[in-house]
**Student:** 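Structure in C-alpha cells, see below.
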Amino acid sequence: MKEGFRQSMAWLHTWSGLLVGWVLFLVFTAGTAAYYRDEITFWMKPELHQALGQPVPQAQALAHAVDLLQRRAPDSSRWFITLPTAREPTVRMFWSGPPQPPAAPGEKRRRQRFENAELDPASGQAASAARATRGGEFIYRLHFDLHYMPAIWARWIVGFCAMFMLVAIVSGIVTHKRIFKDFFTFRPKKGQRSWLDAHNATAVLALPYHLMITYTGLVTLMFMYMPWGPQAAYKDRGGIDSFFAEVFPSGGPRDAKASGQRAALAPLAPMLAQASAHWDGAAAGRVVVNHPNDAAATVSISRQEGRSMSQNQPSMLFDGVTGTLLSTAGDQTGPAAETRGVLYGLHIARFSNPLLRALFFLSGLAGCLMVATGLLLWAVKERQKYAKVVKHGGRIGFGLRLVDGLNLGTLAGVPIAFGAYFWANRLLPVGIDERAAAEIRWFFIAWGVAALAGLARPTRRMWQLQLGVGALLFAAIPLLNALTTRTHLGVSLREGLWSVAGFDLVSLALGLALAAAALLAGKPRPRAKAAAAGNAGLAS
C-alpha cells in the first residue's frame with residue numbers, strides 16, 4: 001500500500017483479472033449463449049422444424065406424455081415431464097430406469113440410470129427421428145460444469161474465478177476515477193491507449209450487468225461454497241438434504257416409498273386445471289409423478305417460469321390415485337429464500353421477454369469483450385518493456401510469450417470451438433452411436449488444435465488465421481443450414497420459425513464481426529514495427 005490506495009487497487013485489478021481471464025472468457029461466452037439454449041437446441045434438431053404444428057392445450061400434451069410413459073416405463077420409480085413453451089415446443093420427458101443390481105464387495109455403488117424422450121404435443125408421436133444432440137444444454141452446462149472433469153471440481157474452479165472477477169470489477173471501479181468520462185472516449189490507432197479505451201467502454205457499457213451476473217453466479221452455488229450454516233442448523237434433523245427438502249419443496253417427499261400394491265394412475269388433466277386455477281390461470285411447467293401405477297403414487301405440478309423474477313416456482317402435490325390435493329408449496333416463500341430465488345432468477349433470466357433477453361445477450365457480449373480487451377491490454381503494456389530488447393535482436397520473455405499464446409488459443413480458439421460444434425451437428429451422420437458425445441468431442445478437438453497452434457506460434461499471422469477460421473465457420477452457418485435442411489432463411493422467415501432464422505442471422509453477424517477482427521489483426525500498426533522483428537502477437 002506504500003504506492004497509494006488507487007495504485008494498489010490497480011495492481012489488484014490487473015492480476016485478479018489476468019490470472020483467471022482465460023477461464024472467465026469461456027464462462028462468459030458459454031453463459032451468454034445459454035440465454036438462448038432452447039433456441040439453440042431447436043436449431044440443432046432440424047427434423048423437428050417442420051414436424052411441430054400449432055400450440056395445443058397443456059392437458060392434451062400431458063395426456064400424450066403419460067400414454068408414452070405408460071408404454072415405455074410403467075414400472076419406473078419417477079417420471080419427469082416438462083410441458084411445451086413458446087421457446088421449447090416439444091414435450092420433454094425423462095424417467096428413472098430399472099433398478100441397478102447391488103454392487104459387489106469392493107465396487108462403487110452403481111448410479112441410477114435415467115432415460116429420456118421427446119414428443120410432438122399435437123400428435124403424440126415420439127420425436128425419435130430427431131438427431132441425438134446435447135444442443136444448448138451442453139453450452140449451458142459448460143459455463144459452470146466445464147467438461148471432462150467431475151462437476152464438483154468444475155464448480156469450485158468457476159466459483160474461484162467468479163470471486164476473482166468480482167474483485168477485479170470492484171478494484172477497477174476504484175482505479176478509474178474518470179471511468180464514465182472515459183466511456184465516451186475512444187482513440188483508435190494509439191496502441192495501449194486504444195486498448196484501454198476499448199476496455200473501459202465495454203466495462204462501463206454494462207457495468208450493472210457485470211456486477212449482477214458475477215455476484216449472482218456465486219449465489220447460485222452458495223450452498224456448495226458455504227454449506228456450514230445449514231449443516232449446523234440441521235445436524236440433528238437429517239442433515240443438509242432435509243434442509244433442501246424443507247426450503248425448496250418439489251416433487252413430493254424425497255424419502256417416500258412405494259407400497260408395492262398396484263393401482264391405476266388418476267387422470268392428470270383435472271389436477272392440471274386445479275393447479276392453473278390456483279395460480280390465477282398461469283400455465284404449468286413441470287409434472288413429476290412419483291411411483292406411477294402404485295397405491296402410494298403422488299403427482300407434483302410446478303408453475304411455468306416467467307410469472308416472476310424468482311427461480312423458485314410454487315408447486316402443488318396431489319394423490320396420484322384419487323387426484324386429491326395433498327399440499328401446496330412456494331406460495332408464501334420466506335424473505336431469505338425469496339431473495340436467493342430472485343438473485344438466481346436474475347442470473348439465468350428465464351423470466352425475461354424477448355427484448356429483455358436480447359439485452360442480456362448483448363450485455364454478455366460486452367462482458368466477453370471486456371475480458372478479452374483486459375487480457376490483451378496486459379500484453380500490450382508488457383511488450384513495451386521489451387521494445388528495446390527486441391530492437392537489438394533479443395527475444396521477449398517466457399511469461400509474455402505464454403500470455404500471448406493463451407490469449408490467442410482462448411480469444412480466437414473458443415469461437416472456432418463453438419463453430420465446429422455447430423458444424424458437427426449438421427455434418428455428422430444422424431444414426432451413429434454416441435452422436436451427442438461426438439459433437440462435443442469436435443468442440444474440444446477444434447479448440448485443442450487452435451490452442452496448441454496459438455501456444456506454438458503466437459504471431460500476428462496466427463491471430464489473423466484463427467480469427468478468419470472462426471469468421472468462416474460462423475458466417476457460413478446459414479449456408480450450411482440451407483445445404484443440409486429445408487429450413488433455410490427463406491423458409492424460416494416466411495413460415496415464422498423465428499428461433500431458426502434468429503440463429504442463422506446471429507451466426508452471420510458474429511461471423512462478420514470476427515472477419516472484421518481478422519482484417520484488423522492483419523494491419524501492422526506503426527508502433528509495432530520494432531516488435532515485428534520478434535515474436536509479436538496481436539497486441540503489438
Side-chain angles (χ1 to χ4, degrees), residues 26 29-30 33-34 36-52 65 68-69 72-73 80 82 84 87-98 111-120 125-143 145-149 151 154 413-450 469-470 473-474 476-488 492 497 499-500 503-504 507:
L26 174 65
T29 52
Y36 291 99
R37 61 172 169 166
D38 291 339
E39 289 79 2
I40 292 172
T41 300
F42 188 62
W43 184 89
M44 295 179 73
K45 294 183 177 182
E47 295 81 8
L48 302 181
H49 294 176
Q50 297 298 318
L52 300 174
L68 183 143
L69 288 166
R72 292 195 182 182
F80 299 86
T82 302
R87 299 179 60 203
E88 178 53 63
T90 61
V91 181
R92 291 181 287 116
M93 298 157 287
F94 71 98
W95 60 91
S96 57
R111 296 179 60 184
Q112 177 71 59
R113 291 177 52 196
F114 285 88
E115 301 178 33
N116 63 82
E118 286 184 275
L119 59 79
D120 181 343
Q125 297 298 314
S128 56
R131 63 192 63 193
T133 178
R134 290 285 304 280
E137 187 67 19
F138 160 69
I139 297 173
Y140 169 68
R141 291 284 172 182
L142 179 69
H143 101 279
D145 275 355
L146 305 180
H147 205 72
Y148 297 132
M149 71 168 59
V414 168
I416 290 175
F418 277 105
Y421 179 60
F422 298 134
W423 276 70
N425 173 259
R426 287 296 193 261
L427 298 181
L428 288 175
V430 174
I432 63 172
D433 294 334
E434 302 293 334
R435 190 182 187 281
E439 290 180 357
I440 296 171
R441 278 198 300 273
W442 275 108
F443 176 96
F444 287 101
I445 289 171
W447 188 14
V449 171
V469 170
L473 289 173
F474 272 95
I477 279 178
L479 177 61
L480 173 69
N481 189 38
L483 294 175
T484 54
T485 74
R486 66 170 300 275
T487 50
H488 53 78
S492 58
L497 292 170
S499 58
V500 179
F503 186 95
D504 283 349
S507 297

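Position 1 is the first residue of the sequence, and the numbers go up from there.
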**Student:** Find the distance between CG (Leu427) and OG1 (Thr484) and round it off to the nearest 0.5 Å.
**Tutor:** 7.0 Å

**Student:** I need the minimum non-hydrogen distance between Ala420 and Ala446, along with the two atoms involved.
**Tutor:** CB-CB, 3.5 Å

**Student:** Ignoring hydrogens and geometry, is there a side-chain-to-backbone donor-acceptor pair from Asp38 to Arg87 under 3.5 Å?
**Tutor:** no

**Student:** Rounded at 0.5 Å granularity, tell me how far NE2 in His49 sits from CG in Leu497.
**Tutor:** 7.0 Å

**Student:** How many angstroms lie between OG1 in Thr29 and CG in Leu142, if you round to the nearest 0.5 Å?
**Tutor:** 7.5 Å

**Student:** Please tell me if the side chains of Arg134 and Arg141 come closer than 4.5 Å, counting only heavy atoms from C-beta onward.
**Tutor:** yes

**Student:** What is the minimum heavy-atom distance between Thr133 and Met44, and which atoms define it?
**Tutor:** OG1-CE, 3.5 Å

**Student:** For side chain to side chain contact (heavy atoms under 4.5 Å, CB included), just list the numbers for Glu118 and Glu88, CA-CA rounded to whole Å, side-chain angles, deciding distance to a tenth of an Å, and then say yes or no.
**Tutor:** CA-CA 11 Å; Glu118 286 184 275; Glu88 178 53 63; 4.0 Å; yes

**Student:** Is there a side-chain contact between Val449 and Ile416 (heavy atoms, below 4.5 Å)?
**Tutor:** no

**Student:** Which residue pairs satisfy the salt bridge (charged side-chain N to carboxylate O under 4.0 Å, His left out) criterion with at least one member in residues 415-435, sequence neighbours excluded?
**Tutor:** Arg435-Glu439

**Student:** Take Ser507 and Phe503, measure what side chain to side chain contact (heavy atoms under 4.5 Å, CB included) needs, and give me the verdict at the end.
**Tutor:** CA-CA 6 Å; Ser507 297; Phe503 186 95; 3.5 Å; yes

**Student:** Please report the closest heavy-atom contact between Ala30 and Ile139, naming both atoms and the distance.
**Tutor:** O-CG2, 3.3 Å

**Student:** Are the side chain of Tyr421 and the backbone N or O of Gly135 linked by a donor-acceptor pair below 3.5 Å?
**Tutor:** yes

**Student:** What's the separation between atom CG in Asp504 and atom CG in Asn481, rounded to the nearest 0.5 Å?
**Tutor:** 4.5 Å

**Student:** Excluding sequence neighbours, so at least two apart, what forms ring-ring contact (aromatic ring centres under 6.0 Å, His included) with Phe443?
**Tutor:** Phe138, Phe418

**Student:** Any chance you could measure Tyr140, atom OH, to Asp145, atom CG, to the nearest 0.5 Å?
**Tutor:** 9.0 Å

**Student:** Just by distance, no angles: are the side chains of Thr41 and Glu39 close enough, under 3.5 Å, to form a donor-acceptor pair?
**Tutor:** no

**Student:** Run the numbers on Leu119 and Met93 for side chain to side chain contact (heavy atoms under 4.5 Å, CB included), then give the verdict.
**Tutor:** CA-CA 9 Å; Leu119 59 79; Met93 298 157 287; 3.6 Å; yes

**Student:** If I take atom NE2 from residue His143 and atom CZ from residue Arg37, how far apart are they, to the nearest 0.5 angstrom?
**Tutor:** 9.5 Å

**Student:** Please verify the inter-ring angle class for Phe422 with Phe474; under 30° counts as parallel, over 60° as perpendicular, anything in between as tilted.
**Tutor:** perpendicular

**Student:** Tell me the closest heavy-atom pair linking Ala65 and Val91, and the distance in Å.
**Tutor:** CB-CG1, 3.9 Å

